[in-house]
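Remember, it's 1-based here, ligands and their atoms both numbered in the order they're listed.
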Amino acid sequence: MLLWDETLFKNGEVLELDYVPEYFAHRDSQMQALKFSLKPAMRGMRPVNCLVKGPPGTGKTTAVLKVFSEMKEHAGNVVFVKVNCQMDSTRFAVVSRIYEKLVNIKPPTSGIAFRKLFDKVIKQLVDSNKILVVALDDINYLFHEGHADEIMYSLLRAHEQYPGVKIAVIAIISDVGISHHFDPRVGSVFLPEEVEFLRYDANEIRDIVTNRIQHAFYQDVVPDEVCERVVEYVDLTGDLRVGIDLLRRSGLNAERRASRKISLEDVEKAYEASRLIYLCRSIRSLAEHEKTLLGLIAKENNMQAGELYKSFHEITGLGYTRFYEIIGKMSDSQLLDADFSGKGMRGRTRVIKPRYEPQDILKCLEQ
Ligand SMILES: Nc1ncnc2c1ncn2[C@@H]1O[C@H](COP(=O)(O)OP(=O)(O)O)[C@@H](O)[C@H]1O
Ligand SMILES: [Mg+2]
């Protein structure tokens, strides 16, 4: 039995999702490539832009944050900003985040135009003679509706309008199987160094998971077979975040049973929740009407676009254009398949299918 103040966690903080680990192995070549690209900034030159690519949970964000914090110590003339594009999903929000970092004050949220705020940022950079490095993390969330191109364009062409300003962009794309392309006007000024993050192999996963277990739990709390099961699940999903979340949840499950050891059943139970983190997270970032539409699609498998639109319109009062925009956005973020097939109006009808188990979608929608 565990006493009320007893715990299995030596340091539970290392299992938080935004924790930046001290031990970060198996990414040396990527870290080198990033450092090499940013190095010119130390000599007052514009750094090389980077395109960081790879599946979710392969260490992209962590690598960039680690490089930033190492370089910060040696480069007082450089401002490093990481923007989470899933949260800051417009050009204005991104520039607000940069402004906030530069002057330590949040800009007003209304009554100021993008252009004006952007001018302030540039002026601040020029006046303080600083170089700006912006990491646009998970920029794939900005591809629909063209926000990604707008932001990149503004940042990368700033020096044409404001001579002397030096800005470099690290675009981080979470690669979920669809290819994203920037507008050619962006492409011609971006010219990035590409840094690829491949999935970890089973040995690498085992090494990282074992290390995290040592920091997080007291000795003997996690039997080898439990560690191995966690490694298998990470290998299955390719996403280390699933493993870290699994460890945290299985630890809590064991505590709830008042056990001093985590069992395989604790892991299985935890996996039910962990495997849905991605889905739930992308669902949480949807607007209300988007959630409504996704709910309809999950309830009625394989609905034709026409019928779906009718139900959607009845509930929300929104029109066709908006309906198709939302479908496009959700199929970009891999929630839906929207195929043209069969016959219908003008010879083709779209069948819209969810890409996850409908009951999983409904579960996440309820949260
Ligand atoms: N090489 C590694 N060593 C230790 N932990 C890692 C490593 N790679 C990823 N992680 C951990 O896995 C989780 C996901 O990493 P993250 O950088 O957020 O991935 P991405 O940005 O590619 O989705 C984080 O909790 C991070 O600490
Ligand atoms: Mg990331």
- Message: To check your reading of the model: name the closest protein heavy atom to atom 13 (C) of ligand 1, its residue, and the distance in Å.
- Response: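 Heavy-atom neighbour on the protein nearest atom 13 (C) of ligand 1: I244 CD1, 4.0 Å.
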- Task: Return the residue, atom name and 0.1 Å-rounded distance of the protein heavy atom closest to atom 26 (C) of ligand 1.
- Result: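 The closest one turns out to be T62 OG1, 3.6 Å.
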- Item | Close N or O approach (A63, ligand 1; < 3.5 Å) |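 By distance alone, the answer is no.
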Using a 4.0 Å cut-off to any heavy atom of [X], which atoms of ligand 1 qualify?
X    : value
Y23  : 3 (N), 4 (C)
P21  : 5 (N), 27 (O)
L240 : 6 (C), 7 (C), 8 (N), 9 (C), 10 (N), 12 (O)
R212 : 4 (C), 5 (N), 6 (C), 11 (C), 26 (C), 27 (O)
Y19  : 27 (O)
A25  : 1 (N), 2 (C), 3 (N)
T58  : 19 (O), 20 (P), 22 (O)
P56  : 23 (O)

Relative to the ring of [Y], is the ring of [X] parallel (under 30°), tilted (30 to 60°) or perpendicular (over 60°)?
X    : Y    : result
F312 : F323 : tilted
Y324 : Y320 : tilted
Y162 : F118 : perpendicular

- What do we get for H26 next to ligand 1 when only non-hydrogen atoms under 4.0 Å count, side chain, backbone, both or neither?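 It is neither; nothing of H26 touches ligand 1.
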- Task: Of the side chain and backbone of E204, name the one, both, or neither that has a heavy atom under 4.0 Å from an atom of ligand 1.
- Result: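 No part of E204 is near ligand 1 at this cut-off.
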- Please confirm if an N, O or S atom belonging to T61, backbone or side chain, lies less than 2.8 Å from the Mg ion (ligand 2).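 True for T61.
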- When you measure from the centre of the six-membered ring of F9, is the NZ or CZ of R248 under 6.0 Å away and within 45° of the axis?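 No, a cation-pi geometry is absent between R248 and F9.
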- Message: Under a 4.0 Å threshold between the charged nitrogen and the carboxylate oxygen, would E100 count as salt-bridged to R97?
- Response: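 Judged by the 4.0 Å cut-off on N to carboxylate O distance, R97 and E100 do form a salt bridge.
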